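If you're wondering where the values come from, they're calculated on a predicted model, not measured in any experiment. What you see below is based on every heavy atom in this structure, not just the backbone, and it leaves out hydrogens, waters and symmetry mates. Numbers for residues simply follow the sequence, beginning at 1. Every number for a ligand or one of its atoms is a count from 1 in the order of the listing.
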Amino acid sequence: MDAKLAETFDEVVGRNPGELEFHQAVREVFDSLGPVLSKHPEYADSAVIKRLCEPERQIIFRVPWVDDAGKVQINRGFRVEFNSALGPFKGGMRFHPSVYLGIIKFLGFEQIFKNSLTGLPIGGGKGGSDFDPKGRSDGEVMRFCQSLMTELYRHIGEYTDVPAGDIGVGGREIGYLFGQYKRITNRYESGVLTGKGLAWGGSQVRTEATGYGAVFFTDEMLKTRGQSFEGKKVSVSGSGNVATYAIEKIHELGGTVIACSDSSGYIVDEKGIDLEILKQVKEIDRGRIGDYATKRGNGVSVVEKGNIWDVAVDVALPCATQNELHGDDATKLIGGGVVAVAEGANMPCTPDATKAFAEAGVLFAPGKAANAGGVATSALEMQQNASRDSWSFDYTQDRLAEIMRGIHDSCVETAETYGMPDNYIAGANIAGFIKVADAMLALGVI
Ligand SMILES: NC(=O)C1=CN([C@@H]2O[C@H](COP(=O)(O)OP(=O)(O)OC[C@H]3O[C@@H](n4cnc5c(N)ncnc54)[C@H](O)[C@@H]3O)[C@@H](O)[C@H]2O)C=CC1
Ligand SMILES: O=C(O)CCC(=O)C(=O)O
């Protein structure tokens, strides 16, 4: 890392002690910025980089609620409004027991560059809570969401900060959050949240967008080597929103997803994952991945507590959570002949893993580029809300595909301009950074 960046990195670590995931995300961006600073010293001189690492606003609040047994529960809510140089803060809410400030800051930091790459007018933010929705009734989830929004509503708005879903937050939770926002403010402000249901201001394709987008991006990478998904064996970790729709699109493009997972283990179905069964098990029954085998019948192996990266595939899409694919997993995948890896999740590959893929010449798409389709379609949802319009599925999907092609090409061109051809990490970090940094310079020291 360049000396000035290394000094700034040390300051970031000192100012944000114990926030390991945030440090990791900052380091990964800084590792790409050396050549940019050599060409454009103005970014360092005006402290743009230091300012980028300090959120504009961080909100931490108590979320009290009553469970079905009548017991008072207390969770902690977060919203980190990281950077609004390009537009209102935009990014999801995560409900998971592992959530603390360091996770929300890593996600918010990533979101700045991802949102910039989409070319749409959205800044970066993220939020969430250490609430664990697993095993909670609909009534409990509703009361929790209502309590969270009773504080959050004063910080968000169509022109201020627009939350959406992430791990543990899907259509059900966005519904409860939107309902409470509407009730408190007495305003039907559709543009305050995205990921809404189609009947009440949502956009076609938003549910599918992150998974579909990651597959469109991977397809573009494969094309650079004269390849496609046709006939390829694929593994997709997770079995939530991103994983489900990645699997759907891969099957449409002629690939076969033979393995997927959840935090209890993974399954292998050589015939290809049956999406109807997967959706029934995960979206409707909210069950465990092993239940898939019971419903599918013979020919499916279930590996409880196993590691999905033990399965040899041509293409791997980590779509579950951060730091789920380590250096030794990368080595196994490379040994098994993997040609492309795309991060559907945010920062799922550790630095050791990304290094191993780069050294082996594996096509590698970082999350801030590959999974940008979700937030891009959220921005399309905001466009539709602002114009009180609603677009067709095909039109919206075409817009998503065009945006993902644009992000792909911008990563490739930027990496080439800075002398690092084929390096999608550098391309994404530099292209995302330059747009935000230029806007920050134009807006003055704020
Ligand atoms: N939902 C969205 O639009 C976007 C999500 N992402 C990222 O994609 C990832 C997945 O998010 P969603 O699908 O929305 O969440 P989700 O809550 O719908 O699904 C998460 C899935 O990951 C599994 N999982 C969690 N920890 C795991 C572990 N240690 N090992 C294996 N599986 C594990 C869960 O069981 C679940 O199947 C996250 O990193 C999220 O930040 C990124 C961009 C947009
Ligand atoms: O759609 C959005 O605003 C947020 C999506 C998200 O949380 C992400 O890109 O990680």
Is K182 salt-bridged to E189, going by a charged N under 4.0 Å from an acidic O? no
Between G168, P348, G240, which one has a non-hydrogen atom sitting closest to atom 17 (O) of ligand 1? G168
Checking heavy atoms under 4.0 Å, the part of N346 that sits near ligand 1 is both
Mark up the atoms of ligand 1 that fall under 4.0 Å of a heavy atom belonging to S239, in ascending order. 37 (O)
A student comparing K114, E381, K90 should find that the heavy atom closest to atom 3 (O) of ligand 2 comes from K90
Hey, is R206 touching ligand 1 through its side chain, its backbone, both or neither, going by heavy atoms under 4.0 Å? side chain
So does D314 pair up with K233, basic N to acidic O under 4.0 Å? no
Tell me the protein heavy atom at minimum distance from atom 4 (C) of ligand 2, and give that distance in Å. G92 N, 3.3 Å
The atoms of ligand 1 lying under 4.0 Å from a heavy atom of D166, numbered in the order shown, are 5 (C), 6 (N), 14 (O), 40 (C), 41 (O)
For atom 18 (O) of ligand 1, what's the nearest protein heavy atom and its distance? N241 N, 2.9 Å
Contact check, R206 vs ligand 2, heavy-atom distance below 4.0 Å: yes
Using distance alone, decide if ligand 2 has a nitrogen or oxygen within less than 3.5 Å of any nitrogen or oxygen in V162. no
Give the atom numbers and elements of ligand 1 that come within less than 4.0 Å of a heavy atom of R94. 38 (C), 39 (O), 40 (C), 41 (O)
Atom 7 (O) of ligand 2 [closest protein heavy-atom partner, distance rounded to 0.1 Å]: K126 NZ, 2.6 Å
Looking at non-hydrogen atoms alone, which of G344, S263, G367, S264 comes nearest to atom 30 (N) of ligand 1? S263
May I ask you to decide if the ring planes of F364 and F357 are parallel, tilted or perpendicular, using 30° and 60° as cut-offs? parallel
Mark up the atoms of ligand 1 that fall under 4.0 Å of a heavy atom belonging to C319, in ascending order. 9 (C), 10 (C)
Among all protein heavy atoms, pick out the one at the shortest distance from atom 1 (O) of ligand 2; state its residue, atom name and that distance to 0.1 Å. S378 OG, 2.5 Å
